There are 2 protein chains.
Amino acid sequence: MGKPQEQRKKEIIQATLDLTADLGIKRVTTQAIADRVGIAQPTVFRHFKTRDDIFAAVIGWITENLSKAILSGVNPEDEADEQLRKLIQSQLAFINKHRAVPRVLFSDFLHLESPKLKSLLQELMNGYIKRVAQLLQQGKESGAFHKNLDVDQTARYIAALIQGLVLRWSVYEFNFSLEKEAKIIWKFLQPVLKAH
Amino acid sequence: MGKPQEQRKKEIIQATLDLTADLGIKRVTTQAIADRVGIAQPTVFRHFKTRDDIFAAVIGWITENLSKAILSGVNPEDEADEQLRKLIQSQLAFINKHRAVPRVLFSDFLHLESPKLKSLLQELMNGYIKRVAQLLQQGKESGAFHKNLDVDQTARYIAALIQGLVLRWSVYEFNFSLEKEAKIIWKFLQPVLKAH
DNA sequence: CCCAAAAGTGAGTAATCAATTGCTTATTAT
DNA sequence: ATAATAAGCAATTGATTACTCACTTTTGGG
């Protein structure tokens, strides 16, 4: 028993990620996935019951690896403001490397077609906002950020700022570097976090 | 000759807007549009050559009416900061009333499927950013905003902030009021515009 | 009132795709 | 080795949907 070709699942997820980056979700057909992996179209359904299940797995992959990227980019010894800076930087670096992320995140198709996928996305966003709010609270207590900061509100707006940035990046066909933008966004945030 | 039923075009655009708000672009079939207007499906193609043409007209409608809403909400006599506040407020009020807007703006389908529609969207965004940058420049000169403000950069980030906000609003199924958020977003922007 | 153009329709067509079926081949567990 | 299970495939199915066609009805200008 067991799973000798658990490998194939990973290959399918990876192929779907690659294709999504280039084509957008709608054009990623099970045939296209099969072609890229090098198997026949029906074989895809040996590994995933439905096409939606494939995208659920893709969102799972993004959630897992985005979390990893963020965690590994941050040193818990640092002050909260430095941690936040690095969090934003590693988040943008990750997205920069994986263009499928905005395609998945901004797909009205996914949002509306499948309640399951939608709630996965909402959880991903909630988790991110909660993490940022934690850091803001920590920095507020340590004095790195100003005393009257509304941590939840601010966390939501930092998330919005980044999502808007990533949206523009994807609408303009990835024609600027997100990593450079990390620095600018950080500068933009300074007066919000530190001012009175 | 002439256009006795120019009316029908408007009805089709309106039906498409309504349906898009509820269903998202993918599910807005020409059949669904016909049903809502109360005509047969082939009749739709008497007024628009292709489905894409319908959505091009919808983007045209949004562009036109968003501009109108923004212009009519702003008094050119006011100081630049007051004008900017009102611009953001009336923009969010408009989007609040027309849920199709985020569905159209955030549709990977539109972005990737039709270069024509994509460039219409880019123009819409460019026009908005340019307008904000103008106001920022004006306010910088009049002293309403601080001297070192990078107007282009800041305009892009204001746009990103709003787009991110609207994205969250649509992902969470419109379950909060955008107009209330206008006040909060304005408060959030204060230190950015006036500090230093 | 008339007739040409526009608006309308029912009945297709053609293309696209997710998913199924029935069968063969490879893998692994004992 | 071998039986059971998983992985593979060619062929097909069934559903969806933009768009066409051949024809009828409505409308408005002279």
Side-chain angles (χ1 to χ4, degrees), chain A residues 1-20 22-59 103-104 107-110 112-117, chain B residues 1-20 22-59 103-104 107-110 112-117:
Chain A
M1 254 202 26
K3 46 212 151 141
Q5 302 316 78
E6 180 69 17
Q7 185 57 18
R8 267 288 137 86
K9 267 197 169 175
K10 283 183 190 164
E11 285 177 32
I12 289 172
I13 291 170
Q14 203 52 53
T16 306
L17 273 166
D18 293 348
L19 289 167
T20 301
D22 294 340
L23 308 175
I25 284 169
K26 192 210 165 193
R27 284 178 166 171
V28 179
T29 61
T30 54
Q31 183 67 63
I33 295 169
D35 288 350
R36 167 150 312 211
V37 175
I39 55 180
Q41 182 253 359
T43 306
V44 172
F45 290 92
R46 291 278 177 214
H47 301 278
F48 293 93
K49 222 169 150 18
T50 68
R51 182 174 178 268
D52 268 8
D53 285 352
I54 300 174
F55 283 102
V58 165
I59 295 177
R103 300 287 193 222
V104 170
S107 164
D108 68 320
F109 174 72
L110 276 197
L112 292 160
E113 214 64 12
S114 159
K116 185 184 163 193
L117 297 183
Chain B
M1 258 207 14
K3 44 206 155 147
Q5 302 315 77
E6 180 69 16
Q7 185 57 21
R8 268 286 137 87
K9 268 196 169 174
K10 283 182 190 164
E11 287 176 31
I12 290 172
I13 291 170
Q14 203 53 54
T16 306
L17 273 166
D18 293 349
L19 288 168
T20 301
D22 293 340
L23 308 176
I25 284 169
K26 193 213 165 191
R27 284 178 167 171
V28 179
T29 61
T30 54
Q31 183 67 64
I33 295 169
D35 288 349
R36 164 145 321 205
V37 174
I39 56 180
Q41 183 253 4
T43 306
V44 172
F45 290 91
R46 291 276 176 216
H47 301 277
F48 293 93
K49 223 167 150 16
T50 67
R51 181 174 178 268
D52 268 8
D53 285 351
I54 301 174
F55 282 102
V58 165
I59 294 177
R103 299 287 192 223
V104 170
S107 164
D108 68 321
F109 173 72
L110 278 196
L112 292 160
E113 213 64 12
S114 160
K116 185 185 164 193
L117 297 183

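All values derive from a computational prediction rather than experimental measurement. Proteins come first, then strands; the chains are lettered A, B, ... in the order of their sequence lines, and each starts at number 1.
Rounding to whole angstrom units, CG of residue A/Asp35 and P of D/dA10 are separated by 11 Å. Rounding to whole angstrom units, NE2 of residue B/His47 and P of D/dA18 are separated by 17 Å. Note: CZ (B/Phe55) to C1' (D/dT17) measures 13 Å, nearest angstrom. Protein atom CD of B/Glu6 is 14 Å distant from nucleotide atom P of D/dG28, rounded to whole Å. If you measure from atom CD1 of B/Ile54 to atom P of D/dA18, you get 9 Å, rounded to the nearest angstrom. Here C/dT24 presents its C1' atom at 11 Å from CZ of A/Arg46, a figure rounded to the nearest Å. The nearest whole Å value for the distance from the CD1 atom in B/Ile12 to the C1' atom in C/dA7 is 11 Å. When rounded to the nearest whole Å, the span between CD1 of A/Ile39 and P of D/dA10 equals 12 Å.
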At a cut-off of 3.5 Å, list every protein nitrogen or oxygen paired with a nitrogen or oxygen from nucleotides 13-20 of chain C, distance to 0.1 Å.
residue	atom	partner	partner atom	Å
C/dA18	OP1	A/Arg51	NE	3.0
C/dA18	OP2	A/Thr30	N	2.9
C/dA18	OP2	A/Thr30	OG1	2.8
C/dA19	OP2	A/Arg51	N	2.7
C/dA19	N7	A/Gln41	NE2	3.0
C/dA19	N6	A/Gln41	OE1	3.0

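Separating the CZ atom in A/Phe48 from the OG1 atom in A/Thr16 is a distance of 7.0 Å, to the nearest 0.5 Å. With rounding to the nearest 0.5 angstrom, the CG atom of A/Leu19 is 6.5 Å from the CD1 atom of A/Ile33. Expressed to the nearest 0.5 Å, how far CZ of A/Arg103 lies from NZ of A/Lys26 amounts to 14.0 Å.
Sorted by first and then second residue, the salt bridge (Lys or Arg N to Asp or Glu O under 4.0 Å) pairs with a member in residues 32-48 of chain A read A/Asp18-A/Arg36; sequence neighbours excluded. Sorted by first and then second residue, the pairs that involve residues 7-16 of chain A and meet salt bridge (Lys or Arg N to Asp or Glu O under 4.0 Å), not counting sequence neighbours, are A/Arg8-A/Glu11.
Of the residues B/Thr29, B/Leu23, B/Ile25, the one that meets the side chain to side chain contact (heavy atoms under 4.5 Å, CB included) test with B/Arg27 is B/Leu23.
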